[in-house]
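The structure appears right after this line, and notes come after that.
Protein chains get the first letters and strands the later ones, always in sequence-line order, with residue 1 at the start of each. Note that these values count all heavy atoms, side chains included, but never hydrogens, waters or copies made by symmetry. Note that the structure is predicted; figures quoted are calculated from it, not measured.
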Amino acid sequence: MVHGLVNKVGIEKDRLVNNGLIAMYCKFQDVANARRVFNTMVDRGVVSWNTLIDGLFQSGALAEAFEMFQEMLRTLRPDIVTVTIALRASCQMKDTRRGRSIHGYLVRNGHECDAIVDNMLIHLYSNCGNLKACRRVFDQLANQGPASWNTLLIANFRRGCFGEGIRLFGLMRRSLIEPDSVTVVTLISACTQLADRAQGRLLHGYAIKTGVVRNNFVGNALIDMYSKCGGLEDALREFEEMDKRDVVSWNSAISGCFVGGNFSQGLEIFRRMNAEGVPPDTTTMLTVLPACSFLAAKRLGKSVHSSILRTTTELDLPVGNALIEMYSKCGSLGHSVRVFDSMRTKDVVTWTALVSAYGMHGLGKQALKAFMDMEVAGIPPDHVTFVAVIYACSHSGLVEEGFSLFNRMEKDYKTTPKIEHYACAVDLLSRSGKLPEAESFILGMPLEPDVGIWGALLSSCRNNNETKIAERAAKRIMGLRSDNTGYYVLVSNLYASAGKWNLVGDIRGSIKSRGLRKDPGYSWIEVGRRMRVFGAGHSVEGSREAYQFLEKLTVLMEEEGYVPDRKLVLHDVEEDEKRQALCGHSERLAIAFGLLNTKTGTSLQVMKNLRVCGDCHTAIKYISKITQRELLVRDANRFHLFKDGACSCGDRW
DNA sequence: CTAGGCAAAC
């Protein structure tokens, strides 16, 4: 309308008016009209060129923009604004070549000194990791301000040169330049990376003394530093003391809780954030959704999903990917597929999430189909995709299909198998009972087998009563002296079932003497909008009733033919574990609790942090038959759907 | 009438 008015009034030849029109169209990303105005102009000035070139950059027409820039150089002398625009674009594209040539142009043409341009130059060389060039530019500056020092420090820290960074900070203090809030933030984040809480605390004191604590960047960096250096309490104190929390403060506090495993605390802060009306951003979603996945908190995940739908028009790619994973880990494969179908752009992560979703739910054929569809869609699989698809085959007994994929990784996909892929292959063979094949495969593999490899073999031996191979695997595991106690438990269970109690004792002693602790097993279930946790160290009201109910149930199960496998129950590594054995493994307690506290016929969903043991797997099959309930159990690897006495995993648990 | 630096969360 205004553009039309310009013509009507007869000022369409005015340079300033036309510059204004170009700027306006650029702001609306309407490059075509901006160009049209530019082309009709008879007396273009530097501003006209600058405005259009920047508009092209901002709308992503990079090649066109640089072309225009070259044309401008042939037409008239650029000013410092032109230089800034071109330099920023080169920085963003990490195009050092172009940046260098602009740098050279600046030197040759003797442009006025400009602190911001100087800083962009340091940043340019920092981007390509050229610390020497950074230092050279810095040393030649007419005046080194705080920002130049900061950029130089950051360049060093980003390259991991902490010693040099700290040395430079020493030089900065001896110069007359006072550190500012950016300096403090930079140093705090270096402490975070170095996990140096003591140094971070000193900087906290310094920030208070100089008053920069009130800067949100500083406060947020402190939250991050404390929570990642094992000081969640300090982190949350800082969070509570801030007077104007922004979305990053909230996100930092929430993720700070999650990294240490404090899920309920983190979710409580997320609830407060919503209650206070702070709009969550993409980062909030990418922090909360994985926590929902871990906890299988479907209700919360769904509410996050609906708030995403309410606030955004198009689903962000990483958020969509996180939603697929969330739904599959919450047991809602259907929702995963629906989110997948709704996504307009899909990347390798999207497809891998789908493959892994099918795999977790025991649908190997569907996982393979997704893998092939991915190829048709022109998205090449990566390392993670192969883990997902081979695991999917492994859990569905598709040995040949899985193995042929493993063999084709190198040949057809130019992806060199890593140790985790060899572990998948071992799992594939041994899970279907091909134990001698699995063992010779390990002995012939080109990489040094690690505990994961031998562990995959050993855990399958136990299911197949294959003691000879099991003992060899056990010896290897003990020889590798891993810090992961899960493997020692496997070995200990093997010796216990063979009655070799002295060896069991040895393992227990070695775990203790090395200061390791066994991961306690626990299970959880959501009943009546509340999560209940069962297992050592968790006492829940109602667990006594659950235990009593379980006893009655066991009688019925035995009438149906259930024979408890005492071997598997009674010889665990720690005392609390024995107690747990006596009152039933945590997943059984959680199921019993769910049965008691829900209406007849409703299906239950139970989560466990470790793998379900063989005896529980058998027991739950009986429970599903006797009570005529569908029991969906998520263990560390996958879902088991127990229904009328059978499990969806086909006993490849 | 045009442009711009260094810093925190996934």
Side-chain angles (χ1 to χ4, degrees), chain A residues 14-24 26-27 34 37-38 41 44-55 57-58 78-89 91-92 114-124 126-127 134 138 141 144-155 157-158 179-190 192 212 215-225 227-228 235 238-239 242 245-259 266 273 280-291 316 318-319 321-322:
Chain A
D14 188 285
R15 191 175 62 192
L16 269 59
V17 168
N18 280 314
N19 288 347
L21 284 171
I22 298 173
M24 177 197 73
C26 286
K27 283 272 180 316
V37 174
F38 181 86
M41 285 176 77
R44 303 178 191 114
V46 186
V47 176
S48 328
W49 287 91
N50 288 349
T51 311
L52 184 61
I53 291 173
D54 195 42
F57 274 130
Q58 307 276 359
D79 64 2
I80 192 76
V81 176
T82 323
V83 172
T84 321
I85 291 166
L87 209 47
R88 193 183 51 128
C91 264
Q92 276 174 3
D114 186 296
I116 293 178
V117 168
D118 289 344
N119 219 24
M120 289 173 103
L121 286 171
I122 305 177
H123 193 68
L124 176 82
S126 163
N127 260 350
C134 285
F138 176 85
L141 293 184
Q144 297 149 345
S148 348
W149 280 102
N150 293 337
T151 310
L152 190 61
L153 291 177
I154 290 155
F157 289 143
R158 288 228 174 115
D180 63 5
S181 65
V182 180
T183 323
V184 174
V185 169
T186 303
L187 293 169
I188 292 171
S189 104
T192 311
V212 292
N215 178 305
N216 262 23
F217 272 92
V218 176
N220 296 341
L222 284 170
I223 296 174
D224 187 46
M225 184 275 293
S227 65
K228 287 190 180 144
E238 187 55 31
F239 173 74
M242 290 177 83
R245 289 182 275 268
D246 59 22
V247 65
V248 179
S249 323
W250 289 96
N251 293 345
S252 306
I254 295 168
S255 93
C257 293
F258 290 164
V259 290
M273 181 182 180
D281 65 2
T282 305
T283 302
T284 319
M285 308 306 181
L286 292 177
T287 308
V288 175
L289 285 174
D316 197 55
V319 174
N321 295 344

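Nucleotides of DNA chain B with any atom under 4.0 Å from a heavy atom of chain A span, from 5' to 3', B/dC1 to B/dC10.
Residues satisfying the side chain to side chain contact (heavy atoms under 4.5 Å, CB included) criterion with A/Asp316, sequence neighbours excluded, are A/Thr282, A/Pro318, A/Val319. Judged as a ring pair (Phe, Tyr, Trp, His ring centres under 6.0 Å), and not counting sequence neighbours, the contacts of A/Phe38 are A/Trp49. Residues forming a side chain to side chain contact (heavy atoms under 4.5 Å, CB included) with A/Ala89 (at least two apart in sequence, or on another chain): A/Phe57, A/Phe66. For A/Arg245, the side chain to side chain donor-acceptor pair (under 3.5 Å) criterion is met by no residue, not counting sequence neighbours. Take A/Val81 and apply the side chain to side chain contact (heavy atoms under 4.5 Å, CB included) test, not counting sequence neighbours, and it matches A/Asn50, A/Asp79, A/Ile85.
Contact annotation for A/Thr151: backbone-only contact, meaning every heavy-atom pair under 4.0 Å involves sugar-phosphate atoms and none involves a base. Using a 4.0 Å heavy-atom distance criterion, A/Ser252 is classed as a sugar-phosphate-only contact. Residue A/Asp246 is in base contact, counting any heavy-atom pair closer than 4.0 Å across all strands shown. Within the 4.0 angstrom heavy-atom criterion, no nucleotide atom of any strand lies near A/Asp118. Counting any heavy atom pair closer than 4.0 Å across all strands shown, A/Arg158 reaches sugar-phosphate atoms only and no base atom. Residue contacts for A/Asp180: at a heavy-atom cut-off of 4.0 Å it reaches no nucleic acid atom on any strand shown.
At a threshold of 4.5 Å between non-hydrogen side-chain atoms, the residues A/Ile154 and A/His123 do not count as touching.
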